[in-house]
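One structure below.
One-based numbering, in listed order, for ligands and for the atoms of each.
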Amino acid sequence: MITLKVNGRDHRVDAEPDTPLLYVLRDHLALNAAKFGCGLGQCGACTVIVDGKAVLSCVTPLVLLEGKQVTTLEGLGTTADPAPIQRAFLDEQAAQCGYCIAGMMMRAQALLMRNASPSDDEIRGELEPHLCRCGTHMRILRAIRRAAGLMNRAELAPESGADR
Ligand code: FES
Ligand code: FES
């Protein structure tokens, strides 16, 4: 039994210590945004955020996660109130089949949390571990740029209000 904090909530999980986080999320907690692509750490479809860093959940054993904060796509926003990264992917229609998209968004989110205005080269480099078989790469790039703009504007908004 291990206590796992996911999207701000504690969960007691009864699973073997070497169980991959991806299986726990999908099979124990019914959080299905992270996808099983390769199961070998080679496609990025299973990416979530752990303590602010993008992590491949298919190759991350449960035992390493005690006391850490796990965030999945479900923890960012909702259909009614999407997070900037989700809004930007929708606005750019960045998904085709959508299989890679949750992982792409989570890595992009982790990038934007530490670098509010990444260059195109930095975004491309960050997304290197991710495969998209549909080839929507240019839309994904645009979506991440758009998300950076949305997040930066949101951060500036209170100060602008205070100046008025
Ligand atoms: S499913 Fe984890 S990297 Fe492919
Ligand atoms: S949108 Fe289909 S794999 Fe990327």
Got an N, O or S from Cys43 under 2.8 Å of atom 2 (Fe) of ligand 1?
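No, outside the cut-off.
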Cys38 backbone or side-chain N/O/S under 2.8 Å from atom 2 (Fe) of ligand 1
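Within the cut-off used here (under 2.8 Å), Cys38 places no N, O or S atom near atom 2 (Fe) of ligand 1.
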Would one find an N, O or S atom of Cys134, in either backbone or side chain, under 2.8 Å from atom 2 (Fe) of ligand 2?
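An N, O or S atom of Cys134 is closer than 2.8 Å to atom 2 (Fe) of ligand 2, so yes.
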Metal site atom 2 (Fe) of ligand 2: N/O/S of Cys100 inside 2.8 Å:
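It does not; every qualifying atom lies at 2.8 Å or beyond.
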Cation-aromatic face contact Arg133/Tyr99, 6.0 Å, 45 degrees
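Checked: cation-pi criterion met.
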So, the side chain of Asn152 versus the backbone of Ala116: is there a donor-acceptor pair under 3.5 Å, distance only?
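Flag set: sc Asn152 to bb Ala116 pair under 3.5 Å.
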Test item: Arg145 side-chain N/O and Asp120 main-chain N/O as donor-acceptor pair under 3.5 Å:
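A pair under 3.5 Å: no.
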Should we say atom CZ of Arg9 is surrounded by more than 12 heavy atoms from elsewhere, each under 6.0 Å from it?
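Count not over threshold, so no.
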Suppose I only count heavy atoms of Gly98 and a 4.0 Å limit; which atoms of ligand 2 are within that range?
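Listed by number with element: 1 (S), 2 (Fe).
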Should you measure from each heavy atom of Cys97, which atoms of ligand 2 turn up under 4.0 Å away?
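Once the distances to Cys97 are compared, the set is 1 (S), 2 (Fe), 3 (S).
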Do me a favour and list the nearest non-hydrogen protein atom to atom 3 (S) of ligand 2 with residue, atom name and distance?
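Sorting protein heavy atoms by distance from atom 3 (S) of ligand 2 puts Arg133 N, 3.4 Å first.
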Does the side chain of Asn115 pick up a donor-acceptor pair with the side chain of Glu122 at under 3.5 Å?
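Glu122 and Asn115 do have a side-chain donor-acceptor pair below 3.5 Å.
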For ligand 1, which atoms, with element, lie under 4.0 Å from some heavy atom of Cys46?
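Those atoms are 1 (S), 2 (Fe), 3 (S).
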For ligand 1, which atoms have a heavy atom of Gly41 less than 4.0 angstrom away?
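Those of ligand 1 that fall under 4.0 Å from Gly41 are 3 (S).
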Between Glu92 and Arg139, does at least one N-O distance fall below 4.0 Å, as a salt bridge requires?
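Salt bridge flag = no for Arg139 with Glu92.
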Atom pair CE/SG of Met104 and Cys100 - distance to nearest 0.5 Å:
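That separation rounds to 4.0 Å.
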